[in-house]
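Reviewing the structure listed below.
All values reported here derive from a predicted model rather than from experimental measurement.
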Amino acid sequence: MDDHQTRMLSGLTGLGGLGQGDPNDPDPVRKQQDIGDILQQIMAITDESLDEAQARKHALNCHRMKPALFSVLCEIKEKTVLSIRGVQEEDPPDPQIMRLDNMLLAEGVSGPEKGGGSAAAAAAAAAGGSPNDGSVEHSDYRAKLAQIRQIYHSELEKYEQACSEFTNHVMNLLREQSRTRPISPKEIERMVAIIHRKFSSIQMQLKQSTCEAVMILRSRFLDARRKRRNFNKQATEVLNEYFYSHLSNPYPSEEAKEELAKKCGITVSQVSNWFGNKRIRYKKNIGKFQEEANLYAVKTAVDAANASAQASQANSPATPNSGGYPAPCYTPDGRL
DNA sequence: ACGTATGATTTAGT
DNA sequence: ACTAAATCATACGT
């Protein structure tokens, strides 16, 4: 390596005369030609030196003094290697990269090939707790996730390839050099480890940006607010029925919530949300809900009447009196 | 296109 | 843990 460089330098110094000749040359055409000449010479020199280097290397390897030189280098190394020994840094698994890996695995980006769907669904359930259909909504999401996944993997492969290529190159270089200077396998190992560390730090950037992309995608597609669907009419009816028949205390117990959820085909937390929204909105503007309240009050009354008078025929309940029904409110008595 | 309705989330208090 | 209240972001009716 060193002899190569020195020869390069010495070769270039030979150019000195050409480079600085005729500083005041008025002819630009000739100048250009000079530059062309110089370039050509430089190219020739590099070629020449490479060949020459090869020859020199060979000569050095076959030199009769080479074994002596080698042993001298070994001795020198033995004296200095102790100081290097101390600088052996263990590489503990980087917590940062562990975190990213875990997340990518959880999101189904780096996991098994077709597990993406279920993983995404699980993530969705964990995020919002809304298992409402979603197969249509998630198809778009899954497509995008697959896209990210593909990019991630191809990039990862590229990195891996570059890494192994570079590692191979360095290893070959070191092995070749080990003919002229002492290099222990352990040192090569160490070098490889260093290279891998460098590359893994690059990989981390890839992982980080992938994670970011997934997060954005998730917030864009899986955030339940963005995919809000109104409950179906029947579910709303069931909920309203309960609400208006428990107006004095519209706080369903856990069991009641569970039952309502079952009846409506929604989750318990959705029932909770509904009641939370309903309570605050009802309270905020009772007048606006009067009509609805009357409707459900009558409905439940009719139902009750029907239930009790099921045996007795010819029971036709009067149509709702939409006029003078008292404004519903939180009364101590739940029944209206 | 726009205003209202509505389900979900966030914040803060208990 | 549960709720009220405010807020968000979409759905829906006009």
Next item on the list: Tell me which nucleotide among dT3(C), dA6(C), dT10(C) gets nearest to the side chain of R279(A).
Entry: dT3(C)
Margin query: For E292(A) and Y282(A): C-alpha separation, side-chain torsions, deciding distance, then whether side chain to side chain donor-acceptor pair (under 3.5 Å) applies.
Written below: CA-CA 10 Å; E292(A) 191 179 70; Y282(A) 178 82; over 6 Å; no
Check: Looking only at side-chain N and O atoms, does Y251(A) come under 4.0 Å of OP1 or OP2 in dA4(C)?
Finding: yes
Margin query: Tell me the interatomic distance from N285(A), atom CG, to dA5(C), atom C1', rounded to whole angstroms.
Written below: 16 Å
Notebook entry, point to check: When we call it a touch if two heavy atoms are under 4.0 Å apart, what does N230(A) touch: a base, just sugar-phosphate, or nothing?
Noted result: sugar-phosphate
Check: Atom CH2 of W274(A) and atom P of dT6(B): how far apart are they, to the nearest Å?
Finding: 9 Å
Check: Taking atom P of dA8(B) as reference, at what distance in whole Å does atom CZ of R281(A) sit?
Finding: 11 Å
Next item on the list: Look at the side chain of K257(A) and decide which nucleotide, out of dT3(C), dA6(C), dC2(C), has an atom nearest to it.
Entry: dT3(C)
Item checked: Short side-chain N/O contact from K278(A) to OP1 or OP2 of dT6(B), under 4.0 Å -> no
Next item on the list: Check the distance between dT3(C)'s C1' and F243(A)'s CZ and give it to me in whole angstrom.
Entry: 14 Å
Notebook entry, point to check: Hey, is CD on Q234(A) packed in by over 12 heavy atoms from elsewhere, all under 6.0 Å?
Noted result: no
Check: Between F275(A) and Y242(A), does the ring centre distance come in under 6.0 Å?
Finding: yes
Checklist line | Atom pair distance, as rounded to whole Å: CZ in F231(A) and C1' in dT6(B) | finding: 9 Å
Next item on the list: Would you tell me if any nitrogen or oxygen in the side chain of R229(A) comes within less than 4.0 Å of OP1 or OP2 on dA11(C)?
Entry: yes
Next item on the list: Answer yes or no: does a side-chain N or O of N273(A) lie under 4.0 Å from OP1 or OP2 of dA8(B)?
Entry: yes
Check: Using a cut-off of less than 4.0 Å, is there contact between a side-chain N or O of K288(A) and OP1 or OP2 of dT6(B)?
Finding: no
Notebook entry, point to check: So, is Q270(A) near the phosphate of dG7(B), with a side-chain N or O under 4.0 Å from OP1 or OP2?
Noted result: no
Check: If you count the non-hydrogen atoms of other residues, nucleotides and ligands that lie under 6.0 Å from CD in E259(A), is the total more than 12?
Finding: no
Notebook entry, point to check: So which one's nearest nucleotide on DNA chain C is more toward 5', N277(A) or S272(A)?
Noted result: S272(A)
Note to self: Can a donor-acceptor pair be found, under 3.5 Å and without considering hydrogens, that links the side chain of Q270(A) to the backbone of T267(A)?
What the structure shows: yes
Margin query: Please report the distance, rounded to the nearest Å, between CG in N249(A) and C1' in dT3(C).
Written below: 13 Å
Checklist line | Nucleotide dG13(C), atom C1' - distance to NZ of K233(A) in whole Å | finding: 12 Å
Notebook entry, point to check: Atom CG of N240(A) and atom P of dG7(B): how far apart are they, to the nearest Å?
Noted result: 9 Å
Note to self: Both E254(A) and K284(A) contact DNA chain C. Taking the nearest nucleotide for each, which residue is further toward the 5' end?
What the structure shows: E254(A)
Notebook entry, point to check: Which one, dA5(C), dA11(C), dA6(C), comes nearest to the side chain of K283(A)?
Noted result: dA5(C)
